[in-house]
Amino acid sequence: MRFERSHTRKAAFVAVASSLVLLASACGGDDGSSGDGGGSTAGALEGRGPITLASGKDTSGNLQNQLNAWNASHPNEKVELKELPEDADAQRQQMVQNATAKSDAYSVLVMDVVWTSEFAANQWITQIPEDKVPDLGKLLKPTVETAKYRDKLYGVPITSDGGLLYYRKDLLTAAGITDPPKTWADLTAACQKVSALPAGKGIGCYAGQFEKYEGLTVNFSEAVNSAGGKIVGDDGKPNVDTPEALAGLEELTNGFKTGAIPKAAITYKEEESRRAFQDGKLLFLRNWPYVYAKAAATDGTSKVAGKFGVAPLPGKDGTGVSSLGGHDYAIASSAKNKATAIDFINFMASEERQKANIEKTSQAPTWASLYDDPGLNKQFPYLAPLKASIGSAQPRPKVVKYGDVTAAIQQAAYDALSAKTPPKQALSDLQTKLQSLITQ
Ligand code: GLC
């Protein structure tokens, strides 16, 4: 009995001592990253076996094919798709819930590029040593930047996204317009000309994504940036109470007022707006590259196959500025089998997989070389404007409280677009709100 007690105590001591060792290494003792307060969670990427991939709804229809390719060669380390909702905010919510519950249900997270700071600072995702990602240098630089927090890597960019202007080439040609619009004024003028044609009767002029969700933050940011404004200035401080931001927002509010943007667009996310364009209801559409393959489909699902073109976004005084979109794959801190997870991520990041993906889906790759591939350029003439769009794209605010920041932007923009709050008032309220959220 006596022996047993002291034995138990000794065992308890050993357990405490070893958990202190674990704690010390979890705090970054091993990689010298301790003490930066930056949420570093670099640890060994260990453990092999089955994993899961938590991803927003796969509107491309090709993700499972990519996973099948991995599963075929990794029968003991298969990846299972956990499909989350279509809209980015709902995906984020589920991932945050999973992280705060420290659940191991999600191994690899398909993260919107805007979430990195928040997830890294909260230690919801694992820091990835750069030497574990051999091809990092081959990826477009702005995409790699999205996966970093305080100069450390927390994800690997798998798809990028730049906003594009889809336009009805057939209708512009019929109206005698040879080039797609470069400015908002050109765009409005083109709409007027086309609406005077019999074929242009009843067609909406322009739509983007204006429902109250992440896509509205994207569209609002593009309008502000394309009028020369910035949501967060170069000094890191909010900067939305400016004439430039007002010009950008008013371009959208006026669009709704005049009817150039159809009323229904206030309910549009990516898919609703894509369908409207594909059904022949819009002359111009702002959307991401994935739309190209769907709109070009010749199986009867698209009414505009062979009739549309793609150009850079227009702006106030010249070409506009896209928001940088896309997705990075990260490893959930609470996941098991992290050695398998990093191998799987590298597999998905490989040039071969990315090429296979763009061929099927027209999603933007992150490998720089693919933008210069002659075969791909022939199949996807949007690649040149896309590369330019990504190269000059403006990231959305890189902040730890991103969830709150985007909610504030969405609220302000939505209230202005639905004529609840005058644009100037909405921007000055937003400025105050952002000042309380962005303090670093
Ligand atoms: C796309 C982009 C992403 C963006 C989202 C908004 O998925 O890749 O960055 O936040 O659209 O709806």
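Any value given below was found using the heavy atoms of this structure, including those in side chains, with hydrogens, waters and symmetry copies removed. We count ligands from 1, going down the list as the structure has it; atoms in each ligand are counted the same way.
Of the protein's non-hydrogen atoms, the one nearest atom 2 (C) of ligand 1 is Asp161 OD2, 3.3 Å. Regarding atom 6 (C) of ligand 1, its nearest protein heavy-atom neighbour is Glu270 OE2, 3.4 Å.
Under the 4.0 angstrom criterion for non-hydrogen atoms, Ala88 is not in contact with ligand 1.
Neither side chain, Tyr149 nor Glu118, offers a donor N or O lying under 3.5 Å from an acceptor on the other. A donor-acceptor contact closer than 3.5 angstrom links the side chains of Thr366 and Gln354. Between the side chains of Thr432 and Asp429, not a single donor N or O lies within less than 3.5 Å of an accepting N or O.
Counting atoms of ligand 1 from 1 in the listed order, those under 4.0 Å from a heavy atom of Gly325 are 8 (O), 9 (O). In the vicinity of Gly215, heavy-atom distances shorter than 4.0 Å reach the ligand 1 atoms 6 (C), 12 (O). Against a heavy-atom cut-off of under 4.0 Å, His327 is close to the following atoms of ligand 1: 7 (O), 8 (O). For ligand 1, the atoms lying closer than 4.0 Å to a non-hydrogen atom of Glu214 are 6 (C), 10 (O).
At a 3.5 angstrom cut-off on N or O pairs, Leu324 does not count as close to ligand 1.
Residue pairs meeting the side-chain hydrogen bond (donor to acceptor under 3.5 Å, both in side chains) criterion with at least one partner in residues 205-214, sequence neighbours excluded, are Gln209-Asn219, Gln209-Ser273, Gln209-Arg286, Lys212-Gln411, Tyr213-Glu270, Glu214-Arg396, Glu214-Tyr402, Glu214-Thr406.
Partner of Asn337 under the side-chain contact (heavy atoms from CB on, under 4.5 Å) criterion, out of Ile51, Leu45, Asp343: Ile51 alone.
Of all the heavy atoms of Arg396, the ones lying under 4.0 Å from any atom of ligand 1 belong exclusively to the side chain.
At distances below 3.5 Å, at least one donor-acceptor pair connects side-chain atoms of Tyr382 with backbone N or O atoms of Ser362.
Note on ring orientation: taking the six-membered ring where Trp is involved, the planes of Tyr292 and Phe308 are perpendicular (angle over 60°, cut-offs 30° and 60°).
With Val110, Asp112, Asn287 as candidates, the residue nearest to atom 4 (C) of ligand 1 on a non-hydrogen basis is Asp112.
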